[in-house]
Amino acid sequence: LQTTFLDSEPRYWREHWAYARWVLATAFVFQFMHQGYYWLLAGFISVKEVGELKAMYVLIAPVEQVTISLSFLFFPALAAKYAQNMDAFLAFWKRYALLVGGLTLMFAIGVRVVGSRVIHILYAGKFDGLVPLLYLLAWVPLLIGIGNTMSEAIRAAEKPRLVFYAYLSSALATFVLGIPLVKFLGLRGSA
């Protein structure tokens, strides 16, 4: 007699949905804030300034892609460590966070060293005045990268609800803190 997977695990879909609904909700909050942020900014600063911010952020995006790629490598290992024991899990997360922190710190230093030349070459001098904004944005991946290692650790610990609340808190902070910063500091406040 052959049994199917669902016969051996009849609660599979219920357990899957208990986890997946939080991941889905987090994805909506992330997309709304990540893409919607530029729309929100356009209500407070000029469209030209929003474009300038995006032009600088494009230069930061590659390091974020590297940290996202690392998360796909480290998440399964974090989940395995969590299943084994908490000490191994925490030690592995700390090494992962140090790796991401080190990479993003080296990136920020690299941007400080060669950022102005890169902007000048890539944008043919059009955005040379935005070099200080790039220097400020270069620190964003450090904060986001460390936060993402925490998110991956929390997901590996099968607590996606906490990740959702963290993203929701970040979205609220954008409105509560970010909007006044944009109002008073303009483009620099948006960064």
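- Here the shortest heavy-atom pairing between Val182 and Ser190 reads CG2-CA, 3.6 Å.
- A heavy-atom distance below 4.5 Å is found between the side chains of Arg155 and Tyr19.
- Note: Lys94 NZ to Phe89 CZ = 11.5 Å, rounded to the nearest 0.5 Å.
- Applying the side-chain hydrogen bond (donor to acceptor under 3.5 Å, both in side chains) rule to Ser169 yields no partners; only residues at least two apart in sequence or on another chain are considered.
- With sequence neighbours left out, Phe127 forms a ring-ring contact (aromatic ring centres under 6.0 Å, His included) with Tyr123.
- Here the CZ atom belonging to Arg95 is positioned 9.0 Å from the CZ atom belonging to Phe74, to the nearest 0.5 angstrom.
- Summarising the local packing, CZ of Phe28 is surrounded by 12 or fewer heavy atoms from other residues, nucleotides or ligands at distances under 6.0 Å.
- Taking the six-membered ring where the residue is Trp, Phe164 and Trp22 present tilted rings, their angle falling between 30° and 60°.
- Taken from CD in Glu158 to CD in Glu15, the straight-line distance is 9.0 Å, to the nearest 0.5 Å.
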Checklist entry - Does the side chain to side chain contact (heavy atoms under 4.5 Å, CB included) test come out yes or no for Leu122 and Leu59, once each step is laid out? => result CA-CA 10 Å; Leu122 286 177; Leu59 300 175; 3.4 Å; yes
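- Linking Ile, Leu, Val, Met, Phe, Trp and Tyr whenever their side-chain heavy atoms come within less than 4.5 Å puts Leu134 and Ile109 in one cluster.
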Next on the checklist: Would Phe92 and Tyr82 count as a ring-ring contact (aromatic ring centres under 6.0 Å, His included) here? Give the steps.
Outcome noted: CA-CA 10 Å; Phe92 189 76; Tyr82 182 76; over 10 Å; no
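- The environment of CZ in Phe72 is sparse: at most 12 heavy-atom neighbours from other residues, nucleotides or ligands sit within 6.0 Å.
- Separating the OH atom in Tyr96 from the CG atom in Leu73 is a distance of 8.5 Å, to the nearest 0.5 Å.
- Atom OH of Tyr38 sits about 6.0 Å away from atom OH of Tyr57, to the nearest 0.5 Å.
- Nearest approach of Val29 to Ala171, heavy atoms of both residues: CG1-CB, 4.2 Å.
- Crowding of Arg21 atom CZ: a count of heavy atoms from other residues, nucleotides or ligands under 6.0 Å exceeding 12.
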